[in-house]
Participant: 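The structure under discussion is supplied below as structure tokens; questions concerning it will follow.
Side-chain atoms are counted along with the backbone in the values below, which use heavy atoms only and exclude waters and symmetry mates. If you're wondering where the values come from, they're calculated on a predicted model, not measured in any experiment.
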Amino acid sequence: MAKAEASVEELVGMIERGELRLPEMQRRYVWRSTRVRDLLDSLYRGYPSGAILLWETEEEVPLQEMAVTQQVNPFQSTRLLLDGQQRLTSLSAVIRGESVKVRGRKKPIELLFNLDHPDQLAVVTEVDEDGDDEEEDDDLIEDEVDSSEDELQKRFDRMTFVVATRKLEQLPQWVKVTEVFKSDSDAAFLRRAGVNGFDDPNYDRYSQRLARLRAIRKYIYRMDVLERRLTYDEVTEIFVRVNSLGAKLRSSDLALAQITAKWRNSLKTFEAFQQQCAKAGFELDLGLHLKNLVAFTTGQSRFLTVGGLRLDALQTGWKESCRGMDFALNFLKNNAGIDSPALLSSPFMLIALAYHGHKRDYTLSAEESDRLRYWVLVANAKGRYSRGSSETILDQDLAALRSGGGAQELIDRLRQQVGRLDVAPEELEGRNQRSALFKTMFLAFRAAGAKDWQSQVAIALDHSGAQHKLQFHHIFPKAVLKSGYAGREADDIANLCFIGGKTNRQISDKPPRQYFPPTMEKSGLAVFQAQCIPTDTALLGVDDYKAFLQKRRILVAQRLNKFLGV
């Protein structure tokens with residue numbers, strides 16, 4: 001294996017000219033802007049940033065598009081990027097001012113640099129190349145903003161790089177990182193920051209910092225270059241081993257490399273179906289579709305056996321797994337009323353549901369359909385696949401279905417795991433918005449006709465417009481509880497309900513005794529009853545908070561059990 005070196009600037013140029021390409025085995029670009037921020041911060045400090053692994057070959061191998069635009073490679077040989085994609089794509093986007101393609105959407109990476117950052121740089125999260133940094137903004141509903149503007153500004157002032165906000169962009173000491181990279185002159189940045197001459201005490205300090213930022217382009221990466229004589233299969237094996245030893249890629253990413261090595265150009269097939277599901281409202285990680293493929297091919301969900309699967313088995317399994325996923329999505333949305341993956345306690349539910357339909361040849365009796373719906377709702381509420389050992393539990397359910405079992409067997413296995421299938425009030429105690437029960441609470445309230453307290457628009461996840469965008473609201477605002485209760489107690493699931501953003505902002509930090517009466521006068525008791533909110537004035541004082549929670553847990557548990565049919 002040869003050794004080489006290249007600066008960030010040279011590597012970015014290679015990407016732009018199409019000389020550095022991405023093989024099909026690689027995972028897609030997944031970094032959030034905050035990860036890019038941390039990478040820039042590390043390079044600004046001169047911290048080590050790992051090596052780059054390349055393979056230079058004249059073999060015709062399957063490629064995929066990078067997340068940034070590239071020209072057509074004018075040379076016969078191709079340099080393939082095996083390790084370093086997330087870093088180099090991020091740097092290319094920021095330095096060139098290019099948008100990146102993430103999950104089918106183009107978006108810019110907009111970072112700001114603090115000319116006035118403290119000399120002692122604030123600690124940031126260290127960057128682990130290709131770590132498990134999936135998207136996926138998995139919060140069900142937007143939270144309220146807790147920190148005051150002053151607290152946020154103080155935190156930003158201690159940082160060197162931040163993800164851009166409109167407010168920070170207006171401040172003179174914050175400059176756009178991409179603009180600095182695109183210009184070799186400091187004049188505009190210094191003038192904007194109020195530096196009017198050489199004698200200004202900030203002239204040298206700010207100029208040195210801008211030069212240090214631009215010096216990131218000269219940062220040298222060590223490159224390990226694999227030999228030309230290696231075959232694509234051998235390189236795939238090296239890719240899997242390198243990333244397995246470093247624990248830098250998820251098992252699904254390694255499985256993708258092994259599958260695409262056997263089934264050339266299959267990535268486009270997988271991504272086309274992924275997009276089809278996204279258009280149906282279920283934007284799912286590609287790894288879930290691969291796990292579904294393995295389940296249909298082998299009868300179990302683990303990726304350990306992928307390396308030994310034949311091409312024809314993979315192709316047949318994929319075709320059947322797509323049929324199964326279509327069934328699962330249709331059943332989930334139209335029979336169970338779960339119309340978004342954000343409402344699932346685990347996406348593994350889809351695999352079990354798909355496999356059930358497959359084993360019954362998609363022909364269910366009315367009774368089996370009802371039992372399956374019951375299992376979906378209760379298993380989702382109880383967090384069947386989110387309690388630990390999730391793959392083991394999924395494989396047990398798949399084994400039960402493979403041996404001829406159906407919905408009743410799934411229900412029996414769930415009962416063995418969680419005991420009682422109904423929801424007791426004490427089961428809600430200490431739960432917060434990340435609980436599976438929170439998702440089911442939303443489903444139950446929506447089914448009961450819950451609406452925003454002002455607009456009377458029914459609660460839903462897909463509202464457009466900032467004023468209607470659904471948020472979860474603290475009935476007793478955190479500011480009201482701050483003196484007597486810890487943050488965990490304030491976030492108790494029994495203190496949360498669902499309203500639109502505008503209503504939430506207008507209530508702000510008013511106590512219930514202040515905002516309940518005018519809300520009831522305008523909208524009536526029904527808006528509170530739909531979300532099981534007690535309105536007894538004896539429960540609305542801060543001193544009555546625990547009694548309020550206890551009463552609401554009883555009401556919510558009753559509503560959940562009615563919704564679940566237990």
Side-chain angles (χ1 to χ4, degrees), residues 24-28 62 64 232-233 236-237 239-241 243-244 249-278 282 284-332 341 346-364 372 384-385 389-406 409-410 413:
E24 186 182 35
M25 71 179 75
Q26 267 278 21
R27 80 187 301 193
R28 56 190 164 80
Q64 61 171 300
Y232 187 79
D233 289 340
T236 301
E237 179 63 21
F239 173 81
V240 170
R241 289 192 183 191
N243 286 289
S244 297
L249 294 189
R250 303 168 306 160
S251 58
S252 60
D253 297 315
L254 300 179
L256 176 63
Q258 293 174 306
I259 291 169
T260 55
K262 291 185 179 183
W263 186 358
R264 302 289 178 91
N265 297 305
S266 58
L267 179 60
K268 293 178 181 177
T269 300
F270 301 150
E271 289 182 334
F273 184 71
Q274 183 186 28
Q275 286 300 312
Q276 179 183 319
C277 294
F282 277 74
L284 303 167
D285 184 66
L286 186 59
L288 184 81
H289 292 293
L290 296 180
K291 187 171 285 291
N292 196 38
L293 160 62
V294 171
F296 273 72
T297 306
T298 68
Q300 57 82 49
S301 68
R302 297 178 187 272
F303 290 120
L304 297 175
T305 60
V306 164
L309 296 177
R310 300 190 319 274
L311 174 60
D312 60 342
L314 287 169
Q315 292 174 330
T316 301
W318 174 251
K319 183 178 179 181
E320 291 299 327
S321 72
C322 291
R323 289 186 65 201
M325 185 60 71
D326 284 337
F327 168 80
L329 296 183
N330 288 326
F331 190 94
L332 202 65
S346 168
F348 282 8
M349 186 81 63
L350 288 163
I351 297 176
L353 194 53
Y355 199 70
H356 178 281
H358 168 66
K359 297 306 289 185
R360 294 297 175 103
D361 197 25
Y362 309 107
T363 303
L364 278 64
L372 187 60
R384 170 66 170 160
Y385 303 117
S389 303
S390 54
E391 283 188 332
T392 299
I393 294 169
L394 175 59
D395 283 347
Q396 290 171 353
D397 287 345
L398 294 177
L401 295 171
R402 193 169 63 249
S403 61
E409 284 72 19
L410 294 177
R413 299 195 66 82

Participant: Any chance you could measure M325, atom CE, to L293, atom CG, to the nearest 0.5 Å?
Facilitator: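 Taking CE in M325 and CG in L293, the distance rounds to 10.5 Å.
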Participant: Could you pull out the closest heavy-atom pair between G406 and R360, with the gap in Å?
Facilitator: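 For G406 and R360, the tightest heavy-atom pair comes out as CA-NH2, 3.2 Å.
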Participant: If you compare all heavy atoms of S252 against all heavy atoms of G287, which two are closest, and at what distance to 0.1 Å?
Facilitator: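 Here S252 and G287 meet closest at CB-CA, 3.6 Å.
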Participant: Does a side-chain heavy-atom distance below 4.5 Å link Q300 with V294?
Facilitator: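 Of all side-chain heavy-atom pairs linking V294 with Q300, at least one is under 4.5 Å.
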Participant: Side chains of V306 and T298: closer than 4.5 Å at any heavy-atom pair?
Facilitator: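 Not in contact.
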Participant: Would you indicate whether the side-chain heavy atoms of Y385 and I351 approach each other to under 4.5 Å?
Facilitator: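 SC-SC contact between I351 and Y385 ruled out.
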Participant: So which atom in A295 and which in L398 form the shortest heavy-atom distance, rounded to 0.1 Å?
Facilitator: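 Nearest heavy atoms, A295 then L398: CB-CD1, 4.0 Å.
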Participant: What is the distance from atom CG of L314 to atom OG1 of T297, rounded to the nearest 0.5 Å?
Facilitator: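 Going from the CG atom of L314 to the OG1 atom of T297 covers 6.0 Å.
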Participant: Backbone N or O of T363 within a donor-acceptor pair of the D361 side chain at under 3.5 Å?
Facilitator: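 Answer holds: no.
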Participant: Identify whether the distance between the nearest side-chain nitrogen and carboxylate oxygen of K291 and D395 falls below 4.0 Å.
Facilitator: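 Here K291 does not pair with D395 in a salt bridge, since their nearest N and O are not under 4.0 Å apart.
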Participant: Give, for atom NE2 of H356 and atom CG of L410, the distance between the pair rounded to the nearest 0.5 Å.
Facilitator: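 So the gap between those two atoms works out to 6.5 Å.
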Participant: Please report the interatomic distance CD(E409) to CD(Q396), rounded to the nearest 0.5 Å.
Facilitator: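 Here the interatomic distance stands at 14.5 Å.
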Participant: For W263 and F270, take the angle between the two ring planes, folded into 0 to 90°, and tell me which bin it lands in: parallel under 30, tilted 30 to 60, perpendicular over 60.
Facilitator: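 If you compare the ring of W263 with that of F270, the planes turn out perpendicular.
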Participant: Within the distance-only criterion (no hydrogens, no angle test), does the side chain of E391 pair as donor or acceptor with the backbone N or O of R302 below 3.5 angstrom?
Facilitator: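 Flag not set: sc E391 to bb R302 has no pair under 3.5 Å.
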Participant: In Å, rounded to the nearest 0.5 Å, how long is the span from OG1 of T236 to CD1 of I259?
Facilitator: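 Going from the OG1 atom of T236 to the CD1 atom of I259 covers 12.0 Å.
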Participant: Heavy atoms only: give me the nearest E320-Y362 pair and the separation to one decimal.
Facilitator: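 Distance-wise, the nearest heavy atoms are O-OH, 3.9 Å.
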Participant: Is any side-chain heavy atom of L254 less than 4.5 Å from a side-chain heavy atom of F303?
Facilitator: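 No - every pair of side-chain heavy atoms lies 4.5 Å or more apart.
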Participant: Supply the atom-to-atom distance F348 CZ to S301 OG, rounded to the nearest 0.5 angstrom.
Facilitator: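 If we round to the nearest 0.5 Å, F348:CZ and S301:OG are 6.0 Å apart.
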Participant: With D397 as reference, evaluate R402, K359, R384 under the salt bridge (Lys or Arg N to Asp or Glu O under 4.0 Å) test and give the passing residue.
Facilitator: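 The residue from R402, K359, R384 that satisfies salt bridge (Lys or Arg N to Asp or Glu O under 4.0 Å) with D397 turns out to be R384.
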Participant: Is there a donor-acceptor contact under 3.5 Å from the side chain of K262 to the main chain of L309?
Facilitator: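 A pair under 3.5 Å: yes.
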Participant: Report yes or no: does Q64 contribute a side-chain atom to a donor-acceptor pair with the main-chain N or O of Q26 at less than 3.5 Å?
Facilitator: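 Indeed, once roles are kept as given, a pair shorter than 3.5 Å links the two residues.
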Participant: Using only atom types and a distance under 3.5 Å, with no angle test, would you say the side chain of N330 pairs donor to acceptor with the backbone of D326?
Facilitator: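 Yes, N330 side chain to D326 backbone: donor-acceptor pair under 3.5 Å.
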Participant: With the side chain counted from C-beta on, respond yes when R323 and F296 share a heavy-atom pair under 4.5 Å apart, and no when they do not.
Facilitator: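 Counting from C-beta outward, R323 and F296 never come under 4.5 Å.
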Participant: Below 4.5 Å, heavy atoms only, C-beta onward: do H289 and W318 meet side chain to side chain?
Facilitator: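 In contact.
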Participant: Are side-chain heavy atoms of L267 and L286 found at a separation under 4.5 Å?
Facilitator: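 Yes, side chains in contact.
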Participant: Mind listing the closest non-hydrogen atom pair of N292 and S321 along with its distance?
Facilitator: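 That closest heavy-atom pairing would be ND2-O, 3.1 Å.
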Participant: A side-chain contact here means heavy atoms from C-beta on lying under 4.5 Å apart; do L350 and L284 qualify?
Facilitator: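 Contact flag for L350/L284 side chains = yes.
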